[in-house]
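Before any comments, here is the structure.
All values reported here derive from a predicted model rather than from experimental measurement.
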Amino acid sequence: MANRALVNRQLRLTLITDGVGDLDRIEEIVGASILGGARCVQLREPNWSARQMLQACERLTPKLEMVDGLLLVNDRVDVAATRVAHGAQIGHRSLPPKMARKVLGPSTILGYSAHDEKELSLAANHDCNFALLSPVWPTTSKPDAVSLTVKRAAELTATAALPVVWLGGVNSMTIGEIATLPSAQQPIGIAVRSAIMQANDPQAATAELLQAWPK
């Protein structure tokens, strides 16, 4: 299994791509975000073929490895199994986590997208390295989704049997609420999409998020 302490540090801030599918744009934003302090990128491009995902990983993985970071692919366990990325992020529509772990082997990073206690338990019981818990705050990417609220997310995080990353409505203002929580209720990291992907200055936006939550 991957080094847990190292993975936890790498997951402090995860940039999730926004599905636009422009690799040149993604590469530019990823490079800027790395300069701002991001150490994990999740490629979430549902319209890409496996070959397009593979080509993107070939361009982005070296950038992450230069800073000891992680590149994860959303849903595409087959691509992650080629070792062109460092792991995969899966959810309830993907391969079941038990099968994904079997395909990937013990050393590849595997994250699971969870929304409640049951899904957190599923992730923990099937050797996932972490869970992505969402949506914590209201989010424009899923306006119809009911947000967990900070209180509920903190409760779930404190009782989870694996590290938890928070997603949904994360920005430099909402992230300040995390710092006020007891350490046992805090996530190991945050994941953002629009706060960086749509920023005029992705490097500055990344740095601002990290500064809002000193660890």
Do we see a donor-acceptor contact under 3.5 Å between the side chains of [X] and [Y]?
X	Y	result
Thr157	Gln185	no
Asn74	Gln42	yes
Gln10	His86	no

Separation between [atom1] of [X] and [atom2] of [Y], rounded to the nearest 0.5 Å:
X	Y	atom1	atom2	result
Leu210	Ser172	CG	OG	11.5 Å
Glu119	Leu156	CD	CG	11.0 Å
Arg12	Cys40	CZ	SG	13.5 Å
Met99	His126	CE	NE2	10.5 Å
Ile16	Leu132	CD1	CG	5.5 Å
Leu110	Asn129	CG	CG	6.5 Å

For the student: nearest non-hydrogen atoms of [X] and [Y], plus distance:
X	Y	value
Pro135	Val146	CG-O, 3.7 Å
Ala88	Ala80	CB-CB, 3.9 Å
Ala32	Pro202	CB-CB, 4.0 Å

Study note, to complete from the structure: The single option from Leu13, Asn171, Asp201 that satisfies side chain to side chain contact (heavy atoms under 4.5 Å, CB included) with Ile196 is Leu13

Revision key, fill the gap. Partner of Cys57 under side chain to side chain contact (heavy atoms under 4.5 Å, CB included), picked from Thr82, Leu64, Leu71, is Leu71

Cluster link [X] to [Y], ILVMFWY, side chain under 4.5 Å:
X	Y	answer
Val30	Val192	yes
Leu104	Ile90	yes
Leu70	Leu35	no
Val150	Leu120	yes
Trp166	Val41	yes

Taking [Y]'s backbone N and O only, do any of them form a donor-acceptor pair with [X]'s side chain (distance below 3.5 Å, no angle check)?
X	Y	value
Arg193	Gln198	no
Thr61	Val84	yes
Thr159	Glu155	yes
Thr174	Gly169	yes

Among pairs that include at least one residue of [range], which meet salt bridge (charged side-chain N to carboxylate O under 4.0 Å, His left out), considering only residues two or more places apart or in two chains?
range	answer
residues 159-186	none
residues 72-86	Arg76-Asp78
residues 48-59	Asp24-Arg59, Glu27-Arg59

Point to revise | Qualifying side chain to side chain donor-acceptor pair (under 3.5 Å) pairs with a residue from residues 28-41, counting only residues at least two apart or across chains | key: Ser33-Thr206

Check your understanding: Given Asp116 and Arg152, is the salt bridge (charged side-chain N to carboxylate O under 4.0 Å, His left out) satisfied, shown in steps?
Key -> CA-CA 9 Å; Asp116 54 33; Arg152 181 56 178 155; over 6 Å; no

Study note, to complete from the structure: Contacts of Glu117 meeting salt bridge (Lys or Arg N to Asp or Glu O under 4.0 Å) (sequence neighbours excluded), chain-then-number -> none

Study note, to complete from the structure: With sequence neighbours left out, the residues meeting salt bridge (Lys or Arg N to Asp or Glu O under 4.0 Å) with Lys102 are none

